[in-house]
Amino acid sequence: MAKEEVKVADVLSTENIEDVIKNGAVVTAEIAEAAAKKVAEAKKEQLTRELISIVNKADYTHKRMVLSMKKTKKEANIKVEYLKKYTALVEDLKSGNATLSTTEFQKQATEAKNIAVKALRENDKWYEETCDALDNQYPEARYSWRYDDAIVGR
């Protein structure tokens, strides 16, 4: 079907205006093929963006979870060390041949606790600073990445 060329004189004539309008909305095979290519390309771009987002989110989630586990392990080690010191002090006091007075026991127990609390605070500070650095590497890491989606725990 050969398309007729429309001349300016024809466009201005009232007799052909319906044909001009009707022919202006005709979809040719060439147009349909170009549209199909653009639709396929748009779908490909959308899937590519989704895949990039998923890969980034998975990488972020992995790193954040490892940091969380490392923090928890450090906390456990700090608490175990504190408990060892505290238990040794109690056992020394309960043994009957105590080398500590109750006053000295309280002083050393408080000192051991303060050391543990300081170490726990330093661990929390390390964790927060490291998580902030990680978040800065992934600007798209929003609240939902951490709390609504794949991160377990804090």
Side-chain angles (χ1 to χ4, degrees), residues 1 3 6 11 18 20-154:
M1 193 197 271
K3 192 171 180 183
V6 179
V11 173
E18 291 88 359
V20 170
I21 292 170
K22 187 164 91 174
N23 289 337
V26 171
V27 175
T28 64
E30 180 183 342
I31 293 171
E33 185 179 321
K37 285 180 182 177
K38 285 187 178 185
V39 166
E41 186 61 33
K43 183 67 174 172
K44 180 180 173 184
E45 288 174 15
Q46 176 188 354
L47 289 173
T48 301
R49 284 190 307 272
E50 288 176 10
L51 178 59
I52 288 169
S53 178
I54 289 169
V55 168
N56 280 336
K57 187 176 185 180
D59 190 43
Y60 173 86
T61 299
H62 176 80
K63 290 174 182 174
R64 187 77 182 225
M65 289 299 301
V66 169
L67 284 175
S68 177
M69 291 186 301
K70 192 171 183 178
K71 176 184 183 270
T72 302
K73 185 176 181 179
K74 285 181 177 183
E75 285 175 349
N77 290 339
I78 292 166
K79 291 174 182 179
V80 165
E81 286 304 310
Y82 166 71
L83 192 55
K84 285 179 185 177
K85 289 176 186 176
Y86 186 79
T87 302
L89 289 171
V90 170
E91 290 302 317
D92 191 30
L93 199 59
K94 288 177 15 181
S95 69
N97 23 328
T99 57
L100 297 176
S101 66
T102 54
T103 306
E104 187 62 25
F105 166 81
Q106 290 295 342
K107 180 181 172 189
Q108 288 188 23
T110 300
E111 184 180 321
K113 179 184 174 195
N114 290 341
I115 290 170
V117 167
K118 181 180 177 189
L120 288 171
R121 284 187 186 134
E122 288 172 1
N123 188 45
D124 285 345
K125 182 180 176 186
W126 162 84
Y127 179 72
E128 293 302 323
E129 288 173 353
T130 308
C131 286
D132 287 347
L134 178 62
D135 291 348
N136 288 336
Q137 290 179 9
Y138 294 86
E140 64 279 2
R142 301 282 183 251
Y143 178 87
S144 65
W145 278 26
R146 293 189 296 274
Y147 300 102
D148 294 342
D149 291 332
I151 305 291
V152 176
R154 190 178 108 119

Heavy-atom closest pair, residues L67 and C131: CD1-SG, 4.1 Å

K38 side chain near E41 side chain, heavy-atom distance below 4.5 Å: no

Salt-bridge contact E75-K71 (side-chain N to carboxylate O under 4.0 Å): yes

Residues, nucleotides or ligands: over 12 heavy atoms within 6.0 Å of E50 CD: yes

Nearest heavy atoms of Y82 and A116, plus distance in Å: CB-CB, 3.7 Å

Aromatic ring pairing Y86/F105, orientation class (parallel under 30°, perpendicular over 60°, tilted between): tilted

Verdict with reasoning, K63 to Y138, per side-chain hydrogen bond (donor to acceptor under 3.5 Å, both in side chains): CA-CA 11 Å; K63 290 174 182 174; Y138 294 86; 3.3 Å; yes

Partners passing salt bridge (charged side-chain N to carboxylate O under 4.0 Å, His left out) against E81 (at least two apart in sequence or in another chain): K84

Donor-acceptor contact present, side-chain T72 to main-chain S68, <3.5 Å: yes

Pair E33 + K37, salt bridge at N-O below 4.0 Å: yes

pair E111-I115: side-chain heavy atoms closer than 4.5 Å: yes

Beyond-backbone contact of Y60 with N56, side-chain heavy atoms, under 4.5 angstrom: no

Nearest-0.5 Å distance, CG of residue D135 to CD of residue E140: 10.5 Å

